[in-house]
Colleague: 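The structure is given below, and queries will be raised subsequently.
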Number of protein chains: 2
Amino acid sequence: MISNIAELIADRIGTMPASERRAAQTLIASYPMIGLKTVAEFSAAAGVSSPTILRFVARLGFQNYPEFQSSLQDELAAQLQSPATRTLNPPSPGGGTVSPMLEATLDNMRETFRHLSDKQLADIAARLADRRGKTFLIGGRFTDPLARYMAAHLAVIQPDVFHLAGQESMWRDRLIDMGKRDVLVIFDIRRYQDSLVRFAEKAHQRGVQIVLFTDQWLSPIARFARHVIAGRTAVPSAWDSSAALFVVAETLIGAVTRQLEAEGAKRIREMESLR
Amino acid sequence: MISNIAELIADRIGTMPASERRAAQTLIASYPMIGLKTVAEFSAAAGVSSPTILRFVARLGFQNYPEFQSSLQDELAAQLQSPATRTLNPPSPGGGTVSPMLEATLDNMRETFRHLSDKQLADIAARLADRRGKTFLIGGRFTDPLARYMAAHLAVIQPDVFHLAGQESMWRDRLIDMGKRDVLVIFDIRRYQDSLVRFAEKAHQRGVQIVLFTDQWLSPIARFARHVIAGRTAVPSAWDSSAALFVVAETLIGAVTRQLEAEGAKRIREMESLR
DNA sequence: CAAAATACGTAACATACGATACAGCGCTCC
DNA sequence: GGAGCGCTGTATCGTATGTTACGTATTTTG
């Protein structure tokens, strides 16, 4: 049963020619506002001609453009009157595949942040913003992208940020550059990697401050860590979700950015001018 | 400070003549839908003549009727995009000071999935699970980690998954391996990277099916993409958040895993035994 | 590889829409 | 009670908008 236009589009987008598909995608991207504007504006936004928009609308089963718009408006009106139904994409009747996943992920985030105090985040952010030392980041098999992501952002606002990539022997040797004033950010969730544990231990012995992103069962690295962030990772799936940790990482990036606002802004301007 | 048209009307309704007041009340009664319809419909609903509607609109300070409508639409769009401003989000139970960052991120996810149907995700998952071709993944400056993350997971459950890393010249040459049966997953959010656009175009010309992860403003690559996922990226910060896209990526990984359950399980067992 | 079919845009067209001019009506204030 | 003013609707006009016809480009099929 198809109850709204968005679903209708999703249902038929597969049978559409390229240009009409572009129209469909443009509409979905800012649903449903573009559809309330004129054909000319719609076509310009989608980068196609007006007849294509009209053909697209006709393919959806409408007699003409105004009828299509009325339908969108009715839908909007219904939606506005009962905000409760705003959980659009109705709880997919039957074998709902998406919702449980998303729900679990959102729960994970709420739960993760519930166990995370503002103070803790502020402390870590202050540590990362403290520019007397260097910042190293590293992750495990599936979490290394998180380390990269964080490194990419931190590197924009401050110098001396290094992502440790490549083979174990490569980054193991970087230990020699690390000291008391430096920070090592490690991402490690189940199954915890021995190589990372060993690396963390060595770094710890050299006095490096370790910030650990892990799951709720805590990687053994927690022993050596100055700060531990335990994220929820459980989702209805065979593997673990890193989404909560990702959001914590973004939150930290935001906090650090704010602390370094002054110099950060200057830095960003400089970078722009280097392009 | 008057921020929306409803307030504006409430402010001036006292100074209006009878008929215009009727227009105002009619609009408020089913705000803002009537205002999006034609002057004729509006006037009929209010039981006044069309010139009265136009005078009413003029009195609110608009030059003409279309301008008034655009203003209403903008307002509506803003409202739809930040559900937080609607009082339906229980202000974080427990009264803890949750960072606005987290709130924005959660909103982004809800909003992103609101524009994303199960069908769409299922289609993309089916495409990715279809093992007649290869899967390539690539991302931009800040989104490449997402490509890596997805690649790492997909590679566990199926062969022929390649993350395109390193210098542009490196992955550009990989084009020669790509054909009609292959899928290219691209992550590209503002500021869109020229190199990626060029790459996507070339791949498209070779018949490669492109799955694009982008922001709500749509990377130019959308032109060439078979499937477009538009995630919300706005957070109270200087940069854009990729969290919503991350979650979509995880959801897709989950869907693909489920589709390949049978062979996937076998594959994972094999891998385990290789350790 | 040729031929047919489909997709797409340009440009001309018709109409429905917003805008305006004007006249009638009621109200207020000398 | 009459003159003036403001409010409102009817009728008309110009135009922006949706629509359609047609030619070219592209893809598909035999």
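To find a chain, count down the sequence lines: A is the first, B the second, and so on, and within it residues start at 1. Reckoned from all heavy atoms, side chains included, excluding hydrogens, waters and symmetry mates.
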Colleague: With B/Lys134, which of B/Asp160, B/Asp182, B/Asp177 fulfils salt bridge (charged side-chain N to carboxylate O under 4.0 Å, His left out)?
Modeller: B/Asp182
Colleague: So which nucleotide from D/dG18, D/dG9, C/dA19 ends up closest to the side chain of B/Val48?
Modeller: D/dG9
Colleague: Side chains of B/Ser117 and A/Glu7: any donor to acceptor distance under 3.5 Å?
Modeller: no
Colleague: What is the distance, rounded to the nearest whole Å, between atom CZ of B/Phe62 and atom P of C/dG18?
Modeller: 15 Å
Colleague: Looking for any heavy atom pair under 4.0 Å, which part of the strands does A/Pro51 touch: base, sugar-phosphate only, or nothing?
Modeller: base
Colleague: Of the listed nucleotides (C/dC8, C/dA11, C/dA19), which one gets closest to any side-chain atom of B/Tyr65?
Modeller: C/dA19
Colleague: Between B/Arg232 and B/His115, does any side-chain donor sit less than 3.5 Å from a side-chain acceptor?
Modeller: yes
Colleague: When the nearest nucleotide of DNA chain D is assigned to B/Thr15 and to A/Thr38 on a heavy-atom basis, which residue is associated with the more 5' position?
Modeller: B/Thr15
Colleague: Verify the contact: side-chain N or O of A/Ser19 to OP1 or OP2 of C/dA7, cut-off strictly under 4.0 Å; return yes or no.
Modeller: no
Colleague: With respect to the side chain of A/Ser50, which nucleotide from D/dT19, C/dA7, C/dG9 is positioned closest?
Modeller: D/dT19
Colleague: Of the listed nucleotides (C/dA19, D/dT10, D/dG18), which one gets closest to any side-chain atom of A/Pro66?
Modeller: D/dG18
Colleague: Find out whether the Lys NZ or Arg CZ of B/Arg172 is both under 6.0 angstrom from the six-membered ring centre of B/Phe199 and within 45° of the ring's axis.
Modeller: no
Colleague: Send over the distance from B/Leu54 CG to D/dT10 P, rounded to a whole Å.
Modeller: 14 Å
Colleague: Could you give the CZ-to-C1' distance, from A/Phe42 to D/dT17, as a whole number of Å?
Modeller: 16 Å
Colleague: Quick check on C/dC8: is either OP1 or OP2 less than 4.0 Å from any side-chain nitrogen or oxygen of A/Ser49?
Modeller: no
Colleague: In whole angstrom, what separates A/Phe56's CZ from D/dG18's P?
Modeller: 15 Å
Colleague: Under a 4.0 Å N-O cut-off, is there an ion pair linking B/Glu168 with B/Arg198?
Modeller: yes
Colleague: I need the CZ-C1' distance between A/Arg55 and D/dA21, as an integer number of Å.
Modeller: 11 Å
Colleague: Nearest whole Å is fine: how far is D/dT17 P from A/Glu67 CD?
Modeller: 21 Å
Colleague: From CZ of B/Arg59 over to C1' of D/dC7, roughly how many Å is that when rounded to an integer?
Modeller: 10 Å
Colleague: Rounded to the Å, how far apart are B/Asn64 CG and C/dA19 P?
Modeller: 5 Å
Colleague: Side-chain N or O of B/Thr52 versus OP1/OP2 of D/dG9: is the shortest distance under 4.0 Å?
Modeller: yes
